[in-house]
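Atom set for the values below is all heavy atoms of this structure, side chains included, hydrogens, waters and symmetry mates excluded. Count residues from 1 along the sequence.
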Amino acid sequence: MEPVQRWWEHAVGYEIYIRSFADGTGDGIGDFPGMLDRLEHLAWLGVDIIWVTPFYASPMRDWGYDVADYTAIDPTYGSLDDFDAVVARAHELGMRVLIDIVPNHTSDQHQWFREALKGPDNPYRDHYIWRDAPADGSLPNNWVGYFGGPTWTLDEASGQYYLHLFLPEQPDLNWRNPAVLDAFDDILRFWLDRGVDGFRVDVAQAMVKDAELRSNPQIAPSDESMFRWDQWNAFEHRHDILQPESVDIFRRWNRIAEEYDALLLGETYDLVQMDKLDRLVSGGDAIHVGFWFGAMHMEWNAEQIRAAFDLPLTNISAGLGWAQDSHDEHRSVTRFGGGDLGRQRALSLTVLLMGLPGLPFLYQGQELGLESGVIPPEAKLDPVGDDDPNSGRDGTRTPIPWEPGPGMGFTDAASTWLPFGGRTDADTVLVQRELPSSSLHVHRELLAVRKGLGEIATEPLKWIADVAGDLVAFRRGAIAFVANVGDEPTELPVDGTVLFRSGDGSGATLAADEAAIVRIG
Ligand code: NOJ
């Protein structure tokens, strides 16, 4: 058996959505001082790597994913000293720190874009992507944005359109301009020199666009009234994302990262173009690990779960990251039915994710078994979504309940930036820490069991033959990961010692929705 080569190879990651993690300054918004005091919780849980969502100076149109200055901390979140303190404390506790870098676009308030708006001759104009307005009144091409609607906004002063795959306030950078590459080399080094252990690269799949900005082939009808992903899926994304030149950029970043033994973790968001994704991640000389998002887009159904693992595993030979929850999707407890049922299913999925080859991530609150918070329409803040309580991303972004009582240990303020969304005392870290059967303790035990299975790190996944129906079952060497996705109890498909179980089955019987880790033999 080959030893683990890199520090992330048998690790477990944890996403911190900074705005909702912990508020240390009493304004109802999470920040670095608050995070500092809560890092011990993550070390106790067994987390190896934290990923902190954007904290840079920002007008917050997309809650920090619109960066106005890549080397300044937004005052809402603290100072560079506060940041340094978090990195130092995390390291003391044995955890690595990834920060979220947002290279696809800047804020429209970034100095580069303010300059670019001064006109076509401005030296920063070419930091962004511009096209003349076609004479027939149409748009420069047919691309739709990730948030739905067209990707072009007219700059009336010059009569040119600029491109944005997200909000108009998030103009896309022109990664074909060497000055942009040079600028980001410096930004990466700025943070690496401050001690970060790597980057989660936002929108890694889309940074480079087709040189001629050709329209995408349309494969289904689309209009702006449709749900944003339906608009997106109406096109084959041949020219807007996953361009081959992006590999060159990540190779360049990889050389910088390697100087610091740092990790490049890509938000490689696509579920279709497997060969292009493979090129981005599996060489190990570009993005080290690319997230696969299939587990966020499936139902509680054995066939769908198998497919969500098998598709990337058969097409991407190395470097996969896994997550079932994030700040962008409804929490899996909610998606799988809510309440105790949803909790049981979400936990069983987590057991499987812990067995997949690659780097699994938890999202803050997942360890507590949280459902999405319920946000009344008037309290919604996400630029995406409408008044429907299920639309938009606010529900997954509500503040973490640390303790019972006003402010729930999250804040001393009378109100929070987003409401808690219906949390109870039983949801809190404090109450769950005192209850050995709590979701928190079960997740901690799961992480501890996995940590003890370093032997699987270099073992390929093998599906356990003859297992179909409601069982999802695979092995990594002598360790089997099995989930019963059906409504009836069933027998384990392997003999051996049960090292962990997520439900209340016993012996060789797996209860409905239960998962187990078994040492075969
Ligand atoms: C992906 C991030 O996870 C999401 O929150 C954000 O809105 C987009 N990228 C744009 O930066």
Euclidean distance, His441 NE2 relative to Leu45 CG, rounded to 0.5 Å: 10.5 Å

Parallel, tilted or perpendicular for Phe361 and Trp51, by the 30°/60° rule? perpendicular

Cation-pi check for Trp63 against Arg393: NZ or CZ below 6.0 Å from the six-membered ring centre and within 45 degrees of the axis, yes or no? no

Between Asp186 and Arg189 (salt bridge meaning N to carboxylate O under 4.0 Å), is one present in this structure? no

Contacts table for residues 369-377: side-chain donor-acceptor under 3.5 angstrom, sequence neighbours left out:
{"residue": "Glu371", "atom": "OE1", "partner": "Gly339", "partner atom": "N", "Å": "3.4"}
{"residue": "Glu371", "atom": "OE2", "partner": "Gly339", "partner atom": "N", "Å": "3.4"}
{"residue": "Ser372", "atom": "OG", "partner": "His330", "partner atom": "ND1", "Å": "2.8"}
{"residue": "Ser372", "atom": "OG", "partner": "Arg331", "partner atom": "N", "Å": "2.9"}

Checking Arg96 against Trp7: charged group under 6.0 Å from the ring centre and within 45 degrees of the axis? yes

Any chance the side chains of Thr396 and Glu329 put a donor and an acceptor closer than 3.5 Å? no

Between Phe227 and Trp232, does a ring pair (Phe, Tyr, Trp, His ring centres under 6.0 Å) hold up when you go through it step by step? CA-CA 9 Å; Phe227 176 55; Trp232 182 264; over 10 Å; no

Could you tell me whether the side chain of Trp322 and the main chain of Pro357 form a donor-acceptor pair under 3.5 Å? yes

Electrostatic pair Arg200:Asp202 at N-O distance under 4.0 angstrom: yes

For the pair Asp31 (side chain) and Thr25 (backbone), establish whether a donor and an acceptor sit closer than 3.5 Å, ignoring hydrogens and angles. yes

Rounded distance (nearest 0.5 Å) linking atom CD1 of Ile316 with atom CG of Leu311: 7.5 Å

Less than 3.5 Å apart, any donor N or O on the side chain of Asn104 or Asp172 sitting next to an acceptor on the other? yes

Does the side chain of His41 pick up a donor-acceptor pair with the side chain of Tyr14 at under 3.5 Å? no

For the ring pair Trp191 and Phe83, is the centre-to-centre distance below 6.0 Å? yes

Pairing donors with acceptors under 3.5 angstrom, does anything connect the side chains of Gln324 and Thr350? yes

Is it true that Arg444 and Glu367 make a salt bridge, defined as a side-chain N closer than 4.0 Å to a carboxylate O? no

Establish, from distance only, whether the side-chain atoms of Tyr56 and Asp100 form a donor-acceptor pair under 3.5 Å. no

Under 6.0 Å between the ring centres of Tyr162 and Trp112? no

Given 3.5 Å as the limit, does a donor-acceptor pair link the side chain of Glu224 with the main chain of Gly149, or not? no

Can you confirm whether or not the ring centre of Phe32 sits under 6.0 Å from the ring centre of Tyr77? no

So how far is it from His443 NE2 to Leu362 CG, rounded to the nearest 0.5 Å? 6.0 Å

Approximate separation, where rounding is to 0.5 Å, of Phe250 CZ and Ile287 CD1: 4.0 Å

Sidechain N-carboxylate O distance under 4.0 Å for Arg38, Asp23: no

Checking Asp81 against Ser79: is there a side-chain donor and acceptor pair closer than 3.5 Å? no

Ring-ring centroid check His164 Phe113, cutoff 6.0 Å: no

Within the 3.5 Å criterion, strictly below it, is a donor on Asp425 or Thr428 matched to an acceptor on the partner's side chain? no

Between atom CG of Asp185 and atom CD1 of Ile249, what is the distance when rounded to the nearest 0.5 Å? 10.5 Å

Do you see a donor-acceptor pair shorter than 3.5 Å between the side chains of His91 and Asp197? yes

Would you please classify the geometry between the Trp253 ring and the Phe184 ring as parallel, tilted or perpendicular, with 30° and 60° separating the classes? parallel

Between Ser107 and Ser58: side-chain donor-acceptor atoms closer than 3.5 Å: no

Is it true that the side chains of Glu258 and His288 contain a donor and an acceptor less than 3.5 Å apart? yes

